Engineer: 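Before I ask anything, here is the structure I am working with.
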Amino acid sequence: MPIVNAVPSSALPTRALRPRDAASLVLLDRSRDTMRVLMGRRSKAHVFMPDLHVFPGGRRDPGDHRLPSMGDMHPAVLSRLQIATRAKHSTARLRAIAIAALRELHEEAHLAVGKPAETGRAPLAFLPDLTNLRYIARAITPPGLPRRFDTHFFALFADEAEIDPASVRDSQELEDLRWIDLNDISAVSVPDITAIILEELRSALEADISLPFDRPVPFFHTRRGRFVRELF
């Protein structure tokens with residue numbers, strides 16, 4: 001995987017960091033002639049990928065395992081997750097990763113995919129709905145960076161989630177949230193891996209505009225210092 005924003009060797013960790021589970025939500029708006037994708041800019045204060053536009057997302061929290069949901073992942077999506085992770089993760093852990101994607105979307109863009117929780121004591125203000133998530137990619141941050149994540153990328157059509165594209169609002173985590181033409185992202189600066197995921201997404205949509213739940217998933221990582229793409 002190409003390295004972006006490399007840090008001086010003196011600032012690198014003294015031992016290899018173990019990648020942490022993470023999830024990103026690629027929210028798509030198909031209400032116009034051109035498909036658009038939601039992206040926001042990370043703060044300059046962030047250690048990892050500062051001042052770059054990314055998809056909403058973040059690491060899996062321990063509490064994500066305990067969050068209830070109103071709808072589970074499509075069986076084909078769960079199957080692809082199991083294949084991509086070589087069945088090393090439990091179903092509960094994979095479900096928590098998917099929930100993390102929706103939780104982060106809510107925290108970073110104030111968008112809730114699901115129905116309101118019945119009580120104010122619920123861990124989230126809404127019950128996440130995993131039903132329409134598509135699993136589109138997995139990528140592991142290469143060694144040598146100050147943060148490493150094993151990120152699972154999910155796609156979701158805004159209309160299927162009953163999201164109004166105009167209801168997006170900035171947060172402390174993501175600034176300058178905007179809908180960007182999927183075919184022209186030149187207006188923003190993105191991490192290398194984000195550009196790769198977007199290219200994969202464009203190809204997938206050209207092959208089938210519905211993004212089938214059971215489509216093969218690319219996995220990006222490094223092996224002996226070389227960038228590798230595998231398909232599961």
Side-chain angles (χ1 to χ4, degrees), residues 4-5 20-61 64 67 97-117 123-130 132-137 139 141 147 149 151-202 204-205 211:
V4 295
N5 294 347
R20 303 182 66 175
D21 284 346
S24 282
L25 200 288
V26 185
L27 189 61
L28 298 168
D29 173 26
R30 54 185 176 185
S31 64
R32 300 188 179 187
D33 293 338
T34 302
M35 189 81 72
R36 300 189 301 169
V37 60
L38 181 65
M39 303 187 76
R41 186 180 64 242
R42 288 174 60 83
S43 167
K44 293 181 180 179
H46 280 288
V47 173
F48 188 71
M49 295 183 178
D51 207 28
L52 295 173
H53 276 75
V54 298
F55 312 120
R59 68 172 181 252
R60 173 183 59 83
D61 289 343
D64 292 330
L67 293 178
I97 291 171
I99 284 179
L102 297 185
R103 175 181 53 74
E104 290 286 344
L105 177 69
H106 182 249
E107 293 175 358
E108 297 185 339
H110 298 95
L111 298 175
V113 178
K115 67 178 183 180
L124 286 180
F126 68 103
L127 292 175
D129 184 2
L130 310 179
N132 293 308
L133 291 178
R134 275 79 163 171
Y135 183 40
I136 61 169
T141 312
R147 299 284 188 278
F149 297 100
T151 305
H152 300 269
F153 294 83
F154 297 90
L156 178 66
F157 291 110
D159 59 299
E160 287 186 344
E162 299 182 353
I163 287 176
D164 177 4
S167 63
V168 173
R169 290 186 288 126
D170 287 1
S171 66
Q172 292 183 341
E173 292 292 324
L174 285 184
E175 308 163 344
D176 189 34
L177 274 164
R178 62 169 87 174
W179 292 97
I180 298 171
D181 186 338
L182 185 62
N183 295 310
D184 183 9
I185 61 169
S186 59
V188 296
S189 296
V190 302
D192 293 337
I193 189 58
T194 300
I196 291 171
I197 299 299
L198 286 170
E199 182 58 37
E200 291 278 349
L201 180 58
R202 282 190 286 267
L205 288 167
L211 278 183

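Position 1 is the first residue of the sequence; numbering continues from there. Worth saying up front: this structure is predicted, and the values here are computed from it rather than measured.
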Engineer: Which atom pair, heavy atoms only, marks the closest approach of I197 to F55?
Structural biologist: CG2-CE1, 4.2 Å
Engineer: For side chain to side chain contact (heavy atoms under 4.5 Å, CB included), just list the numbers for L25 and E104, CA-CA rounded to whole Å, side-chain angles, deciding distance to a tenth of an Å, and then say yes or no.
Structural biologist: CA-CA 8 Å; L25 200 288; E104 290 286 344; over 6 Å; no
Engineer: Within this structure, what is the CD1-CD1 distance for the pair I185 and I180, rounded to the nearest 0.5 Å?
Structural biologist: 7.5 Å
Engineer: Under the rule for side chain to side chain donor-acceptor pair (under 3.5 Å), what residues qualify as partners of D159, not counting sequence neighbours?
Structural biologist: R30
Engineer: Check step by step if side chain to side chain contact (heavy atoms under 4.5 Å, CB included) holds for L102 and I99.
Structural biologist: CA-CA 5 Å; L102 297 185; I99 284 179; 5.9 Å; no
Engineer: Mark yes or no for whether E108, through its side chain, and S171, through its backbone, hold a donor-acceptor pair below 3.5 Å.
Structural biologist: no
Engineer: Just how far is it from atom CE of M39 to atom OG of S189, taken to the nearest 0.5 Å?
Structural biologist: 10.0 Å
Engineer: To the closest 0.5 Å, what do you measure between CG (L105) and OG (S24)?
Structural biologist: 10.5 Å
Engineer: How would you list all residue pairs meeting ring pair (Phe, Tyr, Trp, His ring centres under 6.0 Å) that involve residues 152-193, not counting sequence neighbours?
Structural biologist: Y135-H152, Y135-F154
Engineer: Using every non-hydrogen atom in the two residues, find where L174 and P56 come nearest and quote the distance to one decimal.
Structural biologist: CD1-CA, 3.8 Å
Engineer: Go through the structure and list residues passing side chain to side chain donor-acceptor pair (under 3.5 Å) with D184, not counting sequence neighbours.
Structural biologist: S186
Engineer: Looking at every non-hydrogen atom in both residues, tell me the closest pair between S167 and L111 and how far apart they are.
Structural biologist: OG-CD2, 3.3 Å
Engineer: About how many Å separate CE of M35 and CZ of R32, when rounded to the nearest 0.5 Å?
Structural biologist: 13.5 Å
Engineer: Do R202 and L182 come within less than 4.5 Å of each other through their side chains, counting heavy atoms only?
Structural biologist: yes
Engineer: Could you tell me which non-hydrogen atom of H110 sits nearest to which non-hydrogen atom of R169, and how far apart they are?
Structural biologist: ND1-O, 3.2 Å
Engineer: Side chain to side chain contact (heavy atoms under 4.5 Å, CB included) between I163 and V168: does it pass, once the steps are laid out?
Structural biologist: CA-CA 9 Å; I163 287 176; V168 173; 5.8 Å; no
Engineer: Would you please name every residue forming a side chain to side chain donor-acceptor pair (under 3.5 Å) with R36, sequence neighbours left out?
Structural biologist: D29
Engineer: Is the shortest side-chain heavy-atom distance between V113 and L27 below 4.5 Å?
Structural biologist: no
Engineer: Got a second to check how far L211's CG is from E160's CD, nearest 0.5 Å?
Structural biologist: 9.0 Å
Engineer: To check you understand the geometry: which heavy-atom pair defines the closest contact between T141 and R147, and what is its length?
Structural biologist: CG2-O, 3.5 Å
Engineer: Where is the tightest heavy-atom contact between P191 and L52, given as atom of each residue plus distance?
Structural biologist: CG-CD1, 3.8 Å
Engineer: What pairs with D21 under side chain to side chain donor-acceptor pair (under 3.5 Å), at least two apart in sequence or on another chain?
Structural biologist: R60, R93
Engineer: Does the side chain of E200 reach to within under 4.5 Å of the side chain of I136, using non-hydrogen atoms?
Structural biologist: no
Engineer: If the condition is salt bridge (Lys or Arg N to Asp or Glu O under 4.0 Å), which residues does E107 pass it with, not counting sequence neighbours?
Structural biologist: R103
Engineer: What's the verdict on side chain to side chain contact (heavy atoms under 4.5 Å, CB included) for R178 and V188, showing C-alpha distance, side-chain angles and the deciding distance?
Structural biologist: CA-CA 10 Å; R178 62 169 87 174; V188 296; 3.8 Å; yes
Engineer: So, taking the atom named CG in L133 and the one named CG in L156, what distance separates them when rounded to the nearest 0.5 Å?
Structural biologist: 5.5 Å
